Amino acid sequence: MKILLVVNGVFFNENMGVLSLSAVLKKAGHQTKLMILNAHNILNMLSDYCPDVIAYSAMTPNISNFEEADLIVQKWIKSQKKQVIRIMGGPHPTYFPEILNTMGLDAICVGEGEFALLKLVTAFEKSSPFQGINNIVPRGASIKDITLEIINDLDELPWIDRDLFYDAVPSFRYFKIRGFMTTRGCPYNCAYCFNNVFNKMFAKCGKIVGRRRSVDDVIKEILHVIKNYGPVKMIRFSDDTFVYRVDDWLRSLLKRYKKEVGLPFLCHLRSNLVTDEMVRLLREAGCCSVGMAIETADEKYRIDVLNRKITDEDIFRSYNILKKYGIRFQANCMLALPGTTLDDDMKTFEFSKKIRPDIATFGIFTPFPSLQLTEHALSIGVLDKDYKFSGFRKKSVLNAYQEEEKKIQQNMVRLGSIFCHLPDYCMPLFKKLIRLPNNPFYFVVGMSYMFYCYYRHLYWPAVPKSPFQIISFWRASLKYTD
């Protein structure tokens, strides 16, 4: 059967989940194609490919884009002389299964979908009902009616289908970094993340946290990608947290990586887990850059409200260890958090500046439905009870801030990366500039500098040499963040 996999957008990182779905489907003999809503003409794609199954992979920030696209899809389906089914998987239907009825879909997939989608496609091919398939909620059913499962042995899965990605966006092959996932599951319960909800939903399904691929499977895939999907100059381990502790698995992986792969790599760490031994082993194996989150300068708020059990001491200690071993790093922060003030946002900026990251990024808190932090905002009265979520927001929707303060926060996001790297005597200029009206110049200059830092400090081995390709990536970067 022909399955059209649909995502909202791509940004240099391979869409791991969708590519894994495609690999499982192709292994079973089906055909797949990737449609990108913000890059492809929907009607042309449908007419040219004529899919039997349309599978949306949706995140909550982009759900309105899927709803709009689905109107075109439904109109096209009515013009066909065959049955075409629509299913949605990904984070949004997992946490908001009511989308099944809202969009009138044929089914949704809750949680991990590789085997679930394959079974659904097989059932559709045989004209069998969708009832009884783990993780699949068919039309007319409820999430309470189904059995949930997780994939315990990650080595069961075929390697992700990179052909699908590069067929859809051929130019991204020239960005010489390739991503890999080694684990699934997160043990932490950060108030702004859905992982804690996932852990509760699937608690009875087996070992959610700590599922790892074998070292042999990871190394073999990396070598396969280097050989078949070049040019490759850098590896990115895309796990939310790549390393939790130094153990036999990590030692074995890093030893073999250094010997058999030998390319610089990027990964994400968590400050309270970082040790000198861990960073030394990572550096010896080729780690050149790391991403870690600060979130806020207020230690008490970070621990008590965000539920991140990370102290200021943890943050400074971990970043100093990275500096000791010459590893470049990105620091992420959130502004406009519920219960905080504009002065708190400035303290967060100054805290980040004090650490001196190679790249500092700032974002505005968006109250996604059902998050602990959203519930906190409602409970303290800084979010209107009739607030309707409508996607990712670049300006705070909290009622605790005046309109002028919200504009200042937007300017801090756009100029923060630049002024984190400027001398302290430039701070009066920063405080003056952020109080000026929002303007396109701030966006273009600020985002351009941020992506320059990405390319120069985090991804420098992977950046193409051609100025035309660099300009193309720069334009794509601006479009992605606009």
Side-chain angles (χ1 to χ4, degrees), residues 3-8 15-25 28 32 53-67 69-70 73 85-124 128-154 156-157 160 181 183-187 189 193-209 211 240 368-372 374 389:
I3 298 93
L4 183 63
L5 298 162
V6 185
V7 298
N8 182 67
N15 299 66
M16 298 286 187
V18 168
L19 303 192
S20 185
L21 295 173
S22 180
V24 171
L25 291 166
T32 63
V53 177
I54 297 170
Y56 301 119
S57 179
M59 297 181 69
T60 300
N62 316 121
I63 192 60
S64 61
N65 295 343
F66 285 93
E67 290 174 331
D70 189 59
V73 169
I85 62 170
R86 297 143 49 238
I87 180 173
M88 178 178 285
H92 188 79
T94 297
Y95 304 117
F96 305 103
E98 57 269 21
I99 195 67
L100 172 65
N101 298 319
T102 302
M103 289 179 60
L105 299 165
D106 294 284
I108 60 169
C109 179
V110 177
E112 297 173 359
E114 286 92 346
F115 298 147
L117 180 58
L118 176 59
K119 290 175 182 177
L120 180 140
V121 170
T122 301
F124 179 55
S128 300
F130 302 152
Q131 282 76 13
I133 301 174
N134 291 353
N135 291 10
I136 295 293
V137 185
R139 181 183 296 172
S142 163
I143 192 172
K144 297 177 182 179
D145 302 327
I146 70 168
T147 300
L148 299 176
E149 69 175 7
I150 59 173
I151 299 171
N152 289 296
D153 183 1
L154 300 184
E156 283 187 76
L157 295 170
I160 65 172
M181 293 286 290
T183 62
R184 288 190 182 182
C186 177
N189 296 308
C193 180
F194 282 111
N195 274 326
N196 57 342
V197 181
F198 186 94
N199 292 345
K200 292 175 183 176
M201 286 178 64
F202 291 84
K204 298 180 180 179
C205 297
K207 182 182 178 183
I208 299 174
V209 176
R211 289 175 290 160
D240 289 342
F368 294 115
S370 301
L371 286 178
Q372 289 182 13
T374 300
F389 177 80

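Please read all numbers here as calculations on a predicted model, not as lab measurements.
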Legend entry - Residues which pass side-chain contact (heavy atoms from CB on, under 4.5 Å) with M16, listed by chain and number, not counting sequence neighbours: E14, I160, M181, S238
Inset, instruction - Find the distance between CZ (R184) and CG (N152) and round it off to the nearest 0.5 Å. - result: 11.0 Å
Inset, instruction - Identify, with sequence neighbours excluded, every residue that meets ring-ring contact (aromatic ring centres under 6.0 Å, His included) alongside F66. - result: Y56
Inset, instruction - Could you walk me through whether I99 and E67 pass side chain to side chain contact (heavy atoms under 4.5 Å, CB included), step by step? - result: CA-CA 10 Å; I99 195 67; E67 290 174 331; 3.8 Å; yes
Inset, instruction - Test side chain to side chain contact (heavy atoms under 4.5 Å, CB included) on I54 and D70 and set out the steps. - result: CA-CA 10 Å; I54 297 170; D70 189 59; over 6 Å; no
Legend entry - Heavy-atom closest pair, residues L148 and M201: CD1-O, 3.5 Å
Inset, instruction - Supply the atom-to-atom distance I143 CD1 to I136 CD1, rounded to the nearest 0.5 angstrom. - result: 11.5 Å
Inset, instruction - Looking only at non-hydrogen atoms, find the nearest pair between L118 and A28 and report the distance. - result: CD1-CB, 3.5 Å
Legend entry - Donor-acceptor under 3.5 Å (N199 side chain, C186 main chain): yes
Inset, instruction - Look at the aromatic rings of Y95 and F194 and report parallel, tilted or perpendicular, splitting at 30° and 60°. - result: parallel
Legend entry - Reported CG-to-CG distance for the pair N8 and N65, which is rounded to 0.5 angstrom: 4.5 Å
Inset, instruction - Kindly determine whether L157 and E112 satisfy side chain to side chain contact (heavy atoms under 4.5 Å, CB included), including the steps that lead there. - result: CA-CA 12 Å; L157 295 170; E112 297 173 359; over 6 Å; no
Legend entry - ring-ring contact (aromatic ring centres under 6.0 Å, His included) partners for F202, two or more places apart: F198
Inset, instruction - Report yes or no: does N135 contribute a side-chain atom to a donor-acceptor pair with the main-chain N or O of G113 at less than 3.5 Å? - result: no
Legend entry - Distance, nearest 0.5 Å, that separates CG of D240 from SG of C193: 7.0 Å
Inset, instruction - Grab the two heavy atoms, one from I63 and one from A58, that are nearest each other, plus how far apart they are. - result: CD1-CB, 4.2 Å
Inset, instruction - Find out whether I3 and L21 are in side-chain contact, i.e. whether some heavy atom of one side chain is under 4.5 Å from a heavy atom of the other. - result: no
Legend entry - Closest non-hydrogen atom pair, R211 against G185: NH2-N, 4.2 Å
Legend entry - Considering all heavy atoms, the nearest G90-S57 contact: CA-OG, 4.4 Å
Inset, instruction - Drop me the distance from L117's CG to L25's CG, to the nearest 0.5 angstrom. - result: 5.0 Å
Legend entry - Point-to-point distance, once rounded to the nearest 0.5 Å, from CD1 of I108 to OG1 of T94: 7.5 Å
Inset, instruction - Identify the heavy atoms of P129 and A123 that sit nearest to each other, and give their distance. - result: O-CB, 3.9 Å
Inset, instruction - Report the C-alpha distance between I87 and D106 in whole Å, list the side-chain angles of each, state the deciding distance to 0.1 Å, and finish with yes or no for side chain to side chain contact (heavy atoms under 4.5 Å, CB included). - result: CA-CA 6 Å; I87 180 173; D106 294 284; 6.0 Å; no
Inset, instruction - For N101 and E98, indicate whether the former's side chain and the latter's backbone hold a donor-acceptor pair under 3.5 Å. - result: no
